[in-house]
Amino acid sequence: MVRAIRVHELGGPEVLKWEDVEVGEPKEGEVRVKNKAIGLNFIDVYFRKGVYKAATGPHTPGVEACGVVTAVGPGLTGRQVGDLVAYAGQPMGSYAEEQILPANRVVPVPPSIDPTVAASLLLKGMTAQFLLRSCFKVEPGHTVLVHAAAGGVGSLLCQWANSLGATVIGTVSTKEKAAQAKEDGCHHVIIYKEEDFVARVKEITSDNGVEVVYDSVGKDTFEGSLACLKTRGYMVSFGQSSGAPDPVPLSAIAVKSLFLTRPSLFHYAVTRDELLEMAGEVFGNVQSGVLRVRVNHTYPLSQAAQAHEDLENRKTSGSVVLIP
């Protein structure tokens, strides 16, 4: 038996229960991993609330972790007991001391990267990778707008986009987060509680707008984000921390021949080769200094409910990690 967080009903942070669970032994094509650190992501909140549907109930939440392989399934090669590995995405269940994972979904972690960093980085880093390199290819001379620039993904987006030669505009909620966004490569930071971000973006770009908006906020920023785009601009909506945006009439896109996408990491890391390529680029950027990972908050796994409450109330910045 090991301890894990379990969700028996949908609702607020209080539905996260600390319980005993059976892990079992890995089957063919599987490994058992003892988690050293677990990444907390806003998608965990969506599953807890029922915005996204978990495959089964009750369930253990969590889609990102780093740990040590403690057992391998029959006939498995390429992974062995003692390997430090990380995973992000599927299957759900990382809020546990140990878990069973498909061997083809775990990636090796370089020895120079601390497990806490790896657990806070992989999902967010691969998200930043496909948003910047595949969903919309950011190039030198582009101007990009990143909402929640001090958040886990936002911080990485700003650093990475800056390194690619883009001019980066970030929105944040406080002066403290503005300082972090500046350190993370934002050329212009807008405190949206004090300024109209649409007016500021138009001022910064001399009314030309930006090539792309990366919006993880949703309802509160969506309409304004469309107004910030230049002709043939890309609206990349990859989250909805403030709620789902209202339906968008085609006329709103047609005004400037805009492109609108709601991408998912799961559709960009389908094969093992894609997964390894993405993870390798993320880890490589950390090792080379392109990306600095901010693990600003850690909580014991047993206090996952408090971590969720703080995340939802926007009391956190950077990455949040749960420690078993």
Side-chain angles (χ1 to χ4, degrees), residues 29-31 33-41 43 62-69 72 76-92 94 99 101-140 144 146 151-166 184-185 214 236 238 263-295 318-319 321:
E30 295 179 335
V31 294
V33 177
K34 183 178 178 63
N35 287 330
K36 285 181 166 287
I38 299 154
L40 172 60
N41 298 280
I43 193 171
V63 292
E64 181 180 35
C66 177
V68 175
V69 175
V72 299
L76 183 66
T77 60
R79 255 73 70 203
Q80 60 186 9
V81 173
D83 285 350
L84 183 66
V85 297
Y87 97 102
Q90 297 172 326
M92 188 185 300
S94 65
Q99 64 183 133
L101 290 167
N104 65 355
R105 299 308 298 174
V106 302
V107 298
V109 177
S112 61
I113 295 181
D114 184 90
T116 301
V117 171
S120 70
L121 169 71
L122 193 58
L123 183 67
K124 301 173 187 69
M126 291 198 302
T127 298
Q129 193 271 355
F130 89 80
L131 291 177
L132 293 166
R133 310 309 296 140
S134 299
C135 187
F136 177 89
K137 193 175 179 68
V138 171
E139 297 177 348
V144 307
V146 179
V153 175
S155 170
L156 299 178
L157 280 172
C158 293
Q159 295 176 65
W160 205 329
N162 182 300
S163 76
L164 293 171
D184 285 344
Y214 293 110
V236 182
F238 68 100
S264 167
L265 170 64
F266 303 141
H267 299 143
Y268 285 81
V270 178
T271 68
R272 173 120 183 115
D273 285 344
E274 289 172 337
L275 176 65
L276 291 174
E277 182 179 353
M278 294 174 74
E281 187 173 2
V282 170
F283 287 142
N285 276 346
V286 173
Q287 291 173 305
S288 67
V290 169
L291 295 179
R292 178 178 61 254
V293 182
R294 294 178 177 273
V295 183
S319 295
V321 172

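Below, all heavy atoms of this structure are taken into account, side chains as well, without hydrogens, waters or symmetry copies. Numbers for residues simply follow the sequence, beginning at 1.
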Would a 4.5 Å heavy-atom cut-off, applied to side chains only, mark Pro115 and Leu84 as touching?
-> yes

Just wondering, do Phe283 and Val107 contact through their side chains at under 4.5 Å, heavy atoms?
-> yes

Do Thr116 and Val293 have side chains that get closer than 4.5 Å, going by heavy atoms?
-> no

Taking all non-hydrogen atoms of both residues into account, name the closest pair between Val31 and Arg79 and its distance.
-> CG1-CB, 4.2 Å

Close side-chain approach of Met126 and Leu275, heavy atoms under 4.5 Å = yes

Contact check, side chains of Leu265 and Met278, non-hydrogen atoms, under 4.5 Å | yes

Can you see which heavy atom on Arg105 is nearest to which on Tyr87, and at what distance?
-> O-CB, 3.5 Å

When every non-hydrogen atom of Ser112 is compared with those of Gln287, the smallest separation belongs to OG-NE2, 3.0 Å

Taking every heavy atom of Pro263 against every heavy atom of Leu131, the minimum-distance pair comes out as CG-CD2, 3.9 Å

Taking the side chain as C-beta and beyond, is there a heavy-atom pair between Pro108 and Leu276 under 4.5 Å?
-> yes

Rounded to the nearest 0.5 Å, how far does OG of Ser319 lie from CG of Leu123?
-> 10.0 Å

Between Phe238 and Tyr214, how do the two ring planes meet: parallel, tilted or perpendicular, split at 30° and 60°?
-> perpendicular

Value rounded to 0.5 Å, distance of CD in Gln129 from CG in Leu157 | 11.0 Å

From CZ (Arg133) to CD (Glu139), nearest 0.5 Å | 7.5 Å

When rounded to the nearest 0.5 Å, the distance separating CD of Gln99 from CD1 of Ile38 is 7.5 Å

Report yes if some heavy atom in the side chain of Glu277 is under 4.5 Å from a heavy atom in the side chain of Asp273; otherwise report no.
-> no

Do Glu64 side-chain atoms and Leu122 backbone N/O form a donor-acceptor pair below 3.5 Å?
-> yes

Chi angles and distances behind the side chain to side chain contact (heavy atoms under 4.5 Å, CB included) call for Val282, Lys124 | CA-CA 9 Å; Val282 170; Lys124 301 173 187 69; over 6 Å; no

Indicate the atoms forming the closest heavy-atom contact of Arg292 with Ser155, along with that distance.
-> O-OG, 4.5 Å

Looking just at side-chain N and O atoms, do Ser163 and Gln159 make a donor-acceptor pair shorter than 3.5 Å?
-> no

To the nearest 0.5 Å, atom CG of Leu156 lies from atom CG of Asn285 at 9.5 Å

Heavy-atom closest pair, residues Ser94 and Asn35 | O-ND2, 3.3 Å

Kindly indicate whether the side chain of Pro91, heavy atoms from C-beta on, has any atom under 4.5 Å from the side chain of Leu101.
-> yes

